[in-house]
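Okay, structure first, notes after.
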Amino acid sequence: ASGTLGALALARPPRERLADPAFRALLVALAAGVLVLLAWFLARLASESQPALSHEGVLGYAFGADWDPAHSRFGAWPLLLGTLASSAVALVIGVPVAVASALFAVELCPRRLRAALTILVDLLAAVPSVVYGLWGFLYLVPHLQGFQQFLADKLAFLPFVGGSVAGPSIFLAGVVLAIMILPIAAAIAREAIARVPADHREAALALGATRWEAIRIAVLPHARAGITGGAMLGLGRALGETIAVTLVIGNAAGVPHQLFDQGYSLAAVLANEFGEAANVPLHSSALFAAGLLLFVLTLVVNAAARAIVARSVPR
């Protein structure tokens, strides 16, 4: 077969054969252009961030607890902590729901309903983030304040849980983010579960396992790497979300001590303060440094996700 294909390729006119290396060179140039663009972004952010990093020091900027532009103090630890905490809440809430929906779609859902269910879950990704944010601000904030206070009182024995609830909070930001990352995590989980060989399930059932036991001992272990990769890609989405988080997290620049405290995030501070910082060079540089921190954090998460997803592909 390979000899036949080679003969057909040689039989093509020379002018047509020249298109193949040209097309290959175009694809290589486009791929290299993406890398160059990322490197340019990183270099430009690092250059613009230099005044703020020199003023605070790299460690002082990243782990300083005081973000006060009025007094030229720029410690990004409250922003970083709010970003990580809200994203962690999103993973804890969203990933189990995504895996459950993927298991139902692949393993249990009737075939005639499977396509409709998959489309409905994927359509969540088509909703603009500002709509999620407005829904969270107008509905979740007033209606879940009592529920948040109930959780804070009942779970006060846990670390970082307790205190009084003002309305907007890191927890609510995590709830909104959980819905936003659900389509990504569910889609990758579905693919990973669908790739589990049928003989794994059949062997477990033949040994006397129930349907749920077969899923637990045969399906989930085989799909674990893909599910983890989907969760990390969702984490990358949660880390960089801006408008939805800005509307529900509270935008309080202090260090949050409890899950139900108001907080801030790296993306939210960029949205809120970039306009007013245009004429204040040090403040503007500090915001570029926040963008640099978020850029590096997102790159690390996505690189780890790609590595885990690659491991999930059967060889």
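Below, all heavy atoms of this structure are taken into account, side chains as well, without hydrogens, waters or symmetry copies.
Within the structure, every pair that satisfies the salt bridge (Lys or Arg N to Asp or Glu O under 4.0 Å) test and touches residues 104-118, not counting sequence neighbours, is listed here: E107-R201. Pairs passing the salt bridge (Lys or Arg N to Asp or Glu O under 4.0 Å) check and including a residue from residues 53-67, sequence neighbours excluded, read D66-R73.
Of all non-hydrogen atoms in L266 and A290, the two that sit nearest each other are CD2-CB, 4.0 Å. The shortest heavy-atom contact between P96 and L91 is CD-O, 3.5 Å. Taking all atoms of both residues into account, the shortest heavy-atom contact from V219 to I193 is CG1-CG2, 3.8 Å. Heavy-atom minimum distance, A76 versus L293: CB-CD2, 4.5 Å. Annotation for S129 and I243: closest pair OG-CB, 4.3 Å, computed over non-hydrogen atoms. For the pair V196 and A218, the tightest heavy-atom approach, listed with the atom from each and the gap, is CG1-O, 4.1 Å.
Between S47 and Q50 there is no side-chain heavy-atom pair separated by less than 4.5 Å. Side-chain contact check for L172 versus V141: some heavy-atom pair is nearer than 4.5 Å. With contacts defined as side-chain heavy-atom distances shorter than 4.5 Å, the pair L259/V89 qualifies. Inter-residue side-chain proximity for Y264 and P78 is flagged as unmet; no heavy-atom pair is nearer than 4.5 Å. By the 4.5 Å heavy-atom criterion applied to side chains, N272 and T246 are counted as neighbours. When side chains are defined from C-beta on, P110 counts as touching L113, because their heavy atoms get closer than 4.5 Å. Between P197 and H222, the closest side-chain pair of non-hydrogen atoms falls below 4.5 Å. Side-chain contact between L205 and T210 is absent, with no heavy-atom pair separated by less than 4.5 Å.
For S285 (side chain) and E48 (main-chain N/O), a donor-acceptor pair under 3.5 Å exists by modelled atom type. T298 places a side-chain N or O within donor-acceptor distance of the main-chain N or O of L294, the cut-off being under 3.5 Å. Side-chain N or O atoms of D153 include none that pairs as donor or acceptor with a backbone N or O of F150 at under 3.5 Å. In this structure, S49 contributes its side chain and L45 its backbone to a donor-acceptor pair below 3.5 Å. When atom types are taken as modelled, the side chain of Q149 and the backbone of V165 share a donor-acceptor pair closer than 3.5 angstrom.
Taking CG of L42 as the start and CH2 of W40 as the end, the distance is 11.5 Å to the nearest 0.5 Å. A distance of 4.0 Å separates CG of L287 from NE2 of H283, quoted to the nearest 0.5 Å. For the atom pair CZ of R216 and CG of L103, the computed distance is 13.0 Å after rounding to the nearest 0.5 Å. In this structure, CD1 in I170 is found 9.5 Å from OG1 in T83, a value given to the nearest 0.5 Å.
Tested against F288 for a ring-ring contact (aromatic ring centres under 6.0 Å, His included), the candidates Y61, F274, F41 yield a single pass: F274. S87 pairs in a side chain to side chain contact (heavy atoms under 4.5 Å, CB included) with only one of the listed residues (V245, L239, V301), which is L239.
Counted by atom type alone, Q148 and S169 present one or more donor-acceptor pairs between their side chains at under 3.5 Å.
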Residue pair F157, L155: steps toward the side chain to side chain contact (heavy atoms under 4.5 Å, CB included) verdict: CA-CA 5 Å; F157 60 91; L155 302 178; 4.2 Å; yes
Stepwise side chain to side chain contact (heavy atoms under 4.5 Å, CB included) check, N251 with I249: CA-CA 6 Å; N251 301 324; I249 200 171; 3.6 Å; yes
Stepwise side chain to side chain contact (heavy atoms under 4.5 Å, CB included) test for L297 and L84: CA-CA 10 Å; L297 187 62; L84 295 176; 4.0 Å; yes
Evaluation steps, side chain to side chain contact (heavy atoms under 4.5 Å, CB included), between D122 and R190: CA-CA 11 Å; D122 290 344; R190 281 198 309 270; 3.1 Å; yes
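In this pair, F260 and F171 present their aromatic rings tilted. The plane angle is within the 30 to 60° band.
If you chain together hydrophobic residues whose side chains sit under 4.5 Å apart, I181 and I93 never meet in one group. Residues V127 and Y139 share a hydrophobic cluster, clusters being chains of Ile/Leu/Val/Met/Phe/Trp/Tyr side chains in contact below 4.5 Å. Residues V95 and M180 are members of separate hydrophobic clusters, defined by side-chain heavy-atom contacts under 4.5 angstrom among Ile, Leu, Val, Met, Phe, Trp and Tyr. No chain of hydrophobic side-chain contacts below 4.5 Å, direct or via other Ile, Leu, Val, Met, Phe, Trp or Tyr residues, connects L233 to I179. A continuous path of Ile, Leu, Val, Met, Phe, Trp and Tyr side chains, each step under 4.5 Å between heavy atoms, connects L177 with F147, placing both in one hydrophobic cluster.
Taking a 6.0 Å sphere around CG of D199, one finds it holds more than 12 heavy atoms contributed by other residues, nucleotides or ligands.
For F137 and Y132, the distance between ring centers is not under 6.0 angstrom. For W67 and F74, the ring centers sit closer than 6.0 Å to each other.
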